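Counting starts at 1 for both ligands and their atoms, following the listed order. This structure is a prediction, so every number in the text was calculated from the model and none was measured.
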Amino acid sequence: MIIGVPKEIKNHEYRVGMVPASVRELVNHGHQVFVETDAGMGIGFTNEDYVAAGAEILPTAADVFAKAEMIVKVKEPQAVERAMLREDQILFTYLHLAPDLPQTEDLVKSGAVCIAYETVTDSRGGLPLLAPMSEVAGRMSIQAGAQALEKSNHGRGMLLGGVPGVEPAKVVVIGGGMVGRSAAQMAVGLGADVVVLDRNIDVLRALDAQFGNKVKAIYSTADALEKHVLEADLVIGGVLIPGAAAPKLVTAEHIKAMKPGSAIVDVAIDQGGCIATSKATTHADPTYIVDDVVHYCVANMPGAVPRTSTFALNNATLPFIINLANKGYKKALLDDANFLKGLNVIKGKVTYKEVAEAFNMEYVDPRTAVENA
Ligand SMILES: NC(=O)C1=CN([C@@H]2O[C@H](COP(=O)(O)OP(=O)(O)OC[C@H]3O[C@@H](n4cnc5c(N)ncnc54)[C@H](O)[C@@H]3O)[C@@H](O)[C@H]2O)C=CC1
Ligand SMILES: CC(=O)C(=O)O
Ligand SMILES: [Mg+2]
């Protein structure tokens with residue numbers, strides 16, 4: 001198969017769909033890989049590194065899209081990239097369609113086969129291609145929150161861990177999955193007072209087993225959420241209903257009632273955010289203030305540590321990329337029900353229920369859609 005790796009173009013996004021080591025694996029399997037010039041420069045990989053791994057370098061994204069049967073990216077395709085997709089081309093990347101009507105419409109129109117990293121499942125009910133970036137973003141959320149709490153950033157002027165004789169900050173993490181657990185780990189390490197809310201009791205048990213009495217693992221009712229959010233110095237939003245727009249658990253009234261100078265980091269912003277006052281921001285201008293609460297809502301947080309993130313992402317995506325290339329998309333998807341969950345759009349049909357529901361579009365069963373494609 002001919003595989004294309006364009007340079008990422010989202011604001012301050014330096015990750016890349018494949019590192020040279022992954023390219024070499026594909027070439028060893030008999031595939032051809034085209035990489036856009038300087039695609040890996042942001043993480044220290046030169047064109048020569050890619051050539052040494054067996055890739056060919058092309059001067060523009062348009063060249064890569066024109067040649068490739070499969071495009072491997074990191075972030076959802078931006079409008080100019082969507083315009084380059086064509087019928088039957090495979091797109092394998094993060095998509096986050098449920099909060100993004102223009103992207104969904106363009107992908108439907110393109111006729112391409114669009115497989116989202118974030119909805120691929122595993123046999124334990126996990127999300128193996130989202131998990132590595134959730135670990136990164138969860139860890140980063142505490143760094144971002146610590147900065148937001150600094151006075152010069154309009155925060156309360158609190159150190160997360162306090163000092164001897166002075167109370168630590170209260171960190172409230174909503175959602176105890178990959179993001180939440182990683183955030184809790186960092187917040188505990190810094191000595192903050194940490195509460196994690198989730199409504200899955202097994203998740204709460206796992207938090208209790210991991211952190212003991214260093215984390216209060218609380219069942220997430222509206223009451224509990226309101227109590228802890230109003231007491232918080234820092235709120236981390238990490239809930240997910242796979243493939244769906246995030247539920248707005250923190251309301252505008254909660255934000256009004258929070259302490260002046262408190263901060264929120266809405267990691268779930270890539271699925272639309274779980275805080276009513278959230279709107280997506282960029283690494284260039286990551287925060288804004290609503291009712292004296294500092295909001296950090298960067299939708300591609302791992303892009304700030306692209307070297308760590310690209311390796312972590314590639315470790316997870318590589319077996320799937322090899323499978324797609326070796327078997328073709330039909331066999332690769334039909335052979336593996338967990339991988340089939342990644343299919344969101346195929347040849348004009350929406351095959352992910354929550355996305356179809358979000359936009360009142362027709363839902364087509366993915367297996368049927370692939371069999372008939
Ligand atoms: N902004 C960014 O750069 C990044 C954002 N993310 C996003 O972070 C979000 C969380 O991802 P993961 O932690 O991997 O998901 P996950 O599936 O591991 O965890 C989500 C948790 O939310 C819980 N939850 C669902 N509804 C809830 C409710 N009403 N109250 C309390 N908890 C509830 C679930 O039980 C689950 O434990 C996703 O939207 C993901 O796309 C992930 C990586 C980077
Ligand atoms: C998951 C995601 O949106 C990211 O890594 O940017
Ligand atoms: Mg207030």
Only heavy atoms of [X], strictly under 4.0 Å: list the atoms of ligand 2 that pass.
X: L130; result: 1 (C)
X: A299; result: 3 (O), 6 (O)
X: P302; result: 5 (O)
X: N300; result: 6 (O)

Close approach of P302 to ligand 1, heavy atoms, under 4.0 angstrom
yes

Please say yes or no: joined through hydrophobic side-chain contacts below 4.5 Å, possibly via intermediate residues, are [X] and [Y] part of one cluster?
X: L334; Y: V345; value: no
X: I201; Y: F211; value: yes
X: L197; Y: L204; value: no
X: V265; Y: V215; value: yes

Would you give me the side-chain donor-acceptor pairs under 3.5 Å for residues 1-8, sequence neighbours excluded?
unit_1, atom_1, unit_2, atom_2, d
E8, OE1, K73, NZ, 3.0
E8, OE1, K75, N, 3.1
E8, OE2, K73, NZ, 3.2
E8, OE2, V74, N, 2.9

Of the listed options ([options]), which comes nearest to [atom] when hydrogens are ignored and any heavy atom counts?
atom: atom 6 (O) of ligand 2; options: K75, E118, M133, E76; value: K75
atom: atom 20 (C) of ligand 1; options: V267, L240, L127; value: L240
atom: atom 26 (N) of ligand 1; options: M133, M301, R199; value: R199

Could you tell me whether [X] approaches ligand 1 through its side chain, its backbone, both or neither, with non-hydrogen atoms closer than 4.0 Å?
X: V239; result: both
X: V203; result: side chain
X: H96; result: side chain
X: S134; result: both
X: V136; result: neither

Ligand 1 and [X], any nitrogen or oxygen pair closer than 3.5 angstrom?
X: D270; answer: yes
X: D198; answer: yes
X: G180; answer: no

Atoms of ligand 1 less than 4.0 Å from [X] heavy atoms?
X: A137; value: 4 (C), 43 (C), 44 (C)
X: Q271; value: 39 (O)
X: V298; value: 1 (N), 2 (C), 3 (O)
X: A299; value: 1 (N), 2 (C), 3 (O)
X: G238; value: 10 (C), 20 (C), 21 (C), 22 (O)
X: L249; value: 28 (C), 29 (N), 30 (N)
X: S220; value: 30 (N), 31 (C)
X: N300; value: 3 (O)

With a cutoff of 4.0 Å, is H96 in contact with ligand 2, counting heavy atoms of the residue only?
yes

Would you call A137 a ligand 2 contact, heavy-atom distance under 4.0 Å?
no

Aromatic plane relationship, F45 with Y50 - under 30° parallel, 30 to 60° tilted, over 60° perpendicular:
perpendicular

Reported CE-to-CG distance for the pair M258 and D292, which is rounded to 0.5 angstrom:
11.0 Å

Thinking salt bridges, do R205 and D208 make one under a 4.0 Å N-O criterion?
no

So that I can tick it off, tell me whether E357 and K353 are bridged by a salt bridge, with the cut-off set at under 4.0 angstrom between side-chain N and carboxylate O.
no

Does a sphere of radius 6.0 Å around NE2 in H154 hold more than 12 heavy atoms from other residues, nucleotides or ligands, not counting ones at 6.0 Å or beyond?
no

Evaluate whether atom NZ of K214 has more than 12 neighbouring non-hydrogen atoms of other residues, nucleotides or ligands under 6.0 angstrom away.
no

Which residue owns the protein heavy atom closest to [atom], what's the atom, and how far is it?
atom: atom 19 (O) of ligand 1; answer: G177 CA, 3.2 Å
atom: atom 13 (O) of ligand 1; answer: V179 N, 2.8 Å
atom: atom 18 (O) of ligand 1; answer: M178 N, 3.0 Å

Is the shortest N/O to N/O distance between E13 and ligand 2 below 3.5 Å?
no

Counting distance only, does the side-chain N/O of [X] pair as donor-acceptor with the main-chain N or O of [Y] below 3.5 Å?
X: R156; Y: A263; result: no
X: D106; Y: Q103; result: no
X: E81; Y: Q78; result: yes
X: R82; Y: P77; result: yes
X: D266; Y: C274; result: yes
X: N314; Y: V19; result: yes

ring-ring contact (aromatic ring centres under 6.0 Å, His included) partners of H254, counting only residues at least two apart
none

Using a 4.0 Å heavy-atom cut-off, which part of R15 comes near ligand 2: side chain, backbone, both, or neither?
side chain

